[in-house]
Amino acid sequence: MSSVVLETTLPFPVRRGKVRDVYDLGEEVLLVSSDRISAFDWILPSGIPDKGRVLTQIAAFWFELLGEPNHLVTTDVEQMPCLAEVDTATRSMLAGRTTLCRKTEVVPIECVVRGYLTGSGWKEYQASQTVCGIPLPSGIVESAQLEEPIFTPSTKAEEGHDENISFAQMVEIVGETIAEELRERSLSLFRRGAEYARQRGIIIADTKFEWGLLDGKIILVDEVLTPDSSRFWPADEYVPGQGQPSFDKQFVRDWLLTSDWDRQSPPPPLPEDVIAKTREKYVEAYERLTGQKFAWES
């Protein structure tokens with residue numbers, strides 16, 4: 001198994017997110033997906049080996065399959081001029097987890113699409129029979145597939161939680177033309193991605209897309225349909241009316257909930273078996289979607 005990469009250091013201006021180190025190269029951006037994992041709004045002290053590689057490779061797979069205009073230049077570190085002077089060991093560590101992208105003016109909206117009633121949407125539905133203010137029919141059970149996917153935008157928060165907003169509020173922020181284009185393109189992408197994934201034994205319950213403006217055109221940016229930006233469920237275990245097993249942080253969340261961690265103080269390290277099981281689920285998601293063996297086994 002590969003070693004864990006919790007942080008990278010390269011000679012460029014950097015901004016660190018929950019998972020990725022984002023390096024500013026001027027007209028391009030270098031996204032490095034670390035093996036950091038977060039839960040309950042905390043970044044955990046333990047990482048998941050190869051998690052960053054799984055996320056990077058799944059996103060690259062979808063960018064090619066879906067054919068949507070996007071920011072991707074290459075995921076091959078040997079084709080990145082900015083890394084030409086970096087030593088061999090560092091390049092080896094970056095391999096598979098690094099994406100060179102065109103820089104865009106990022107649209108300040110998370111474009112969330114929900115195909116199933118789960119998570120915060122299920123909680124809201126129980127209280128008001130709505131999801132993000134959108135009325136839904138009565139009698140829908142937890143984890144049920146919606147008649148049609150719904151578009152539920154949110155703001156992009158630098159810290160803390162994103163805030164759900166109405167489509168009308170989105171229009172106020174980005175304008176009607178951009179808002180309508182993003183809604184239609186996000187719904188179309190979700191439908192196409194979910195249909196493909198279902199054929200590979202994965203239900204994509206919901207996801208979030210991010211978009212950017214480049215030369216006056218809107219293109220897909222960030223990651224796309226990964227286990228970190230989406231809820232993946234195994235189709236062969238799907239049972240409406242209850243919560244579902246997932247392909248991402250299930251073992252991590254379950255262990256933390258049974259530990260004595262108070263969620264107010266820094267979280268404890270994860271046990272080795274939880275780390276190993278979580279890695280297995282991320283790798284399984286990659287292998288199911290792509291039909292290929294994960295290339296970074298060691």
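The first residue in the sequence is number 1, and the count goes up from there.
Cation-pi geometry between Arg183 and Phe167 is met: under 6.0 angstrom from the ring centre, within 45 degrees of the axis.
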Point to revise | side-chain hydrogen bond (donor to acceptor under 3.5 Å, both in side chains) assessment of Glu124 paired with Thr130 | key: CA-CA 6 Å; Glu124 181 185 331; Thr130 63; 2.7 Å; yes
Point to revise | side chain to side chain contact (heavy atoms under 4.5 Å, CB included) between Trp211 and Ile219, worked out | key: CA-CA 6 Å; Trp211 303 85; Ile219 65 173; 5.8 Å; no
Exercise for review: Quick one: do Thr74 and Asp76 satisfy side-chain hydrogen bond (donor to acceptor under 3.5 Å, both in side chains)? Show the steps, please.
Suggested key: CA-CA 6 Å; Thr74 183; Asp76 182 353; 5.3 Å; no
Practice item. Go through Thr104 and Val106 one step at a time and tell me if the side chain to side chain contact (heavy atoms under 4.5 Å, CB included) criterion holds. Key: CA-CA 6 Å; Thr104 68; Val106 177; 3.9 Å; yes
Exercise for review: For Glu142 and Lys123, run salt bridge (charged side-chain N to carboxylate O under 4.0 Å, His left out): C-alpha distance rounded to whole Å, both residues' side-chain angles, the deciding distance at 0.1 Å, then the answer.
Suggested key: CA-CA 9 Å; Glu142 182 180 7; Lys123 291 179 182 177; over 6 Å; no
Check your understanding: Does the pair Ile165 and Ile173 meet the rule for a side chain to side chain contact (heavy atoms under 4.5 Å, CB included), with working shown?
Key -> CA-CA 10 Å; Ile165 58 175; Ile173 295 170; 3.9 Å; yes
Practice item. Go through the steps to decide whether Val5 and Met93 satisfy the test side chain to side chain contact (heavy atoms under 4.5 Å, CB included), and finish with yes or no. Key: CA-CA 8 Å; Val5 175; Met93 177 270 292; 3.6 Å; yes
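The aromatic rings of Phe40 and Trp261 sit tilted, their planes meeting at an angle between 30° and 60°.
Residues Cys101 and Val221 have side chains not in contact (no heavy-atom distance under 4.5 Å, counting atoms from C-beta outward). A 4.5 Å side-chain heavy-atom check between Asp260 and Asp262 finds every atom pair outside the cut-off.
Listed for the Ser38 side chain is no donor-acceptor partner under 3.5 Å among the backbone atoms of Asp41. A side-chain donor-acceptor contact under 3.5 Å links Ser186 to the backbone of Leu182. A donor-acceptor contact shorter than 3.5 Å links the side chain of Thr98 to the backbone of Leu94. A donor-acceptor distance shorter than 3.5 angstrom exists from the side chain of Thr258 to the backbone of Trp255, with no hydrogens or angles considered. No donor-acceptor pair closer than 3.5 Å links the side chain of Ser230 to the backbone N or O of Thr207. Under a 3.5 Å cut-off, the side chain of Asp50 and the backbone N or O of Arg53 do not form any donor-acceptor pair. Counting only distance, with no hydrogens or angles, the side chain of Arg198 and the backbone of Gly193 share no donor-acceptor pair below 3.5 Å. The backbone N or O of Val239 lies less than 3.5 Å from a partner atom in the side chain of Gln244, making a donor-acceptor pair. The main-chain N or O of Cys132 is never found under 3.5 Å from a side-chain atom of Asn164 such that the two would form a donor-acceptor pair. Side chain of Thr155 to main chain of Glu163: a donor-acceptor pair is present (N/O by atom type, distance under 3.5 Å, no hydrogens or angles).
Classification of Arg185 and Glu181 as a salt-bridged pair holds, one side-chain N sitting under 4.0 Å from a carboxylate O. A salt bridge does not link Glu85 with Arg91: every distance from a Lys NZ or Arg NE/NH1/NH2 to an Asp or Glu carboxylate oxygen is 4.0 Å or more. Ion pair Asp228/Lys249 not flagged as a salt bridge, since none of the NZ, NE, NH1 or NH2 atoms sits closer than 4.0 Å to an Asp/Glu carboxylate oxygen. Salt bridge Glu284/Lys281: present, at least one basic N to carboxylate O contact under 4.0 Å. Ion pairing of Glu148 with Arg191 is present here, as a side-chain N (NZ or NE/NH1/NH2) and a carboxylate O approach within less than 4.0 Å. Between Arg36 and Glu7 there is no salt bridge, since none of the side-chain N atoms of the basic residue sits less than 4.0 Å from a carboxylate O of the acidic one.
Once rounded to the nearest 0.5 Å, the distance linking NZ of Lys208 with SG of Cys111 reads 11.5 Å. To the nearest 0.5 Å, the span separating CG on Leu100 from CG on Leu31 amounts to 9.0 Å. Expressed to the nearest 0.5 Å, how far CG of Asp248 lies from NZ of Lys51 amounts to 9.0 Å. Here the OG1 atom belonging to Thr90 is positioned 9.5 Å from the CG atom belonging to Leu83, to the nearest 0.5 angstrom. For the atom pair CD (Gln57) and OG1 (Thr290), the distance works out to 9.5 Å, reported to the nearest 0.5 Å. Interatomic distance, Phe247 CZ to Ile58 CD1, rounded to the nearest 0.5 Å: 10.0 Å.
Leu225 and Ser229 make their closest contact through N-OG, 3.6 Å (heavy atoms, listed as atom of the first residue, atom of the second, distance). The two residues Thr56 and Ser33 come nearest to each other via the heavy atoms OG1-OG, 3.3 Å. Heavy-atom minimum distance, Ile109 versus Pro153: CG2-CB, 3.8 Å. When all heavy atoms of Ile37 and Ser46 are compared, the closest pair comes out as CG2-O, 3.6 Å. The two residues Cys82 and Leu25 make their nearest non-hydrogen contact at SG-CD1, 3.7 Å. The shortest non-hydrogen separation linking Tyr125 to Gly139 is OH-N, 3.1 Å.
Following chains of ILVMFWY side-chain contacts shorter than 4.5 Å, one can reach Ile202 starting from Phe61, so the two form part of one hydrophobic cluster. Under a hydrophobic clustering in which Ile, Leu, Val, Met, Phe, Trp and Tyr are joined whenever their side-chain heavy atoms come within less than 4.5 Å, directly or via other members, Ile218 and Leu220 fall into the same cluster. Criterion: ILVMFWY side-chain heavy atoms under 4.5 Å apart, direct or through other members. Under it, Ile203 and Leu65 are not part of a common hydrophobic cluster. Residues Phe151 and Val107 share a single hydrophobic cluster, defined by chaining ILVMFWY side chains whose heavy atoms lie under 4.5 Å apart. Following chains of ILVMFWY side-chain contacts shorter than 4.5 Å, one cannot reach Val112 starting from Ile134, and the two form parts of different hydrophobic clusters.
Around atom NZ of Lys277, no more than 12 heavy atoms belonging to other residues, nucleotides or ligands sit under 6.0 Å away. Within 6.0 Å of CD in Glu180 there are more than 12 heavy atoms belonging to other residues, nucleotides or ligands. Glu176 CD: 12 or fewer foreign heavy atoms inside a 6.0 Å radius. No more than 12 heavy atoms of other residues, nucleotides or ligands sit less than 6.0 Å from atom CD of Glu27.
Tested against Asp35 for a salt bridge (Lys or Arg N to Asp or Glu O under 4.0 Å), the candidates Arg20, Arg279, Arg97, Lys18 yield a single pass: Arg97. Between Trp62 and the choices Tyr196, Tyr286, Phe209, the ring pair (Phe, Tyr, Trp, His ring centres under 6.0 Å) rule is met once, by Tyr196.
With sequence neighbours excluded, the residues that form a side-chain contact (heavy atoms from CB on, under 4.5 Å) with Ser120 are Arg114.
When only modelled atom types and interatomic distance are considered, Thr8 and Asp21 share a side-chain donor-acceptor pair under 3.5 Å.
Side-chain rings of Phe232 and Tyr282 stay apart, their centers remaining 6.0 Å or farther from each other. Within the 6.0 Å centre-distance limit, the rings of Trp233 and Tyr116 are counted as a close aromatic pair.
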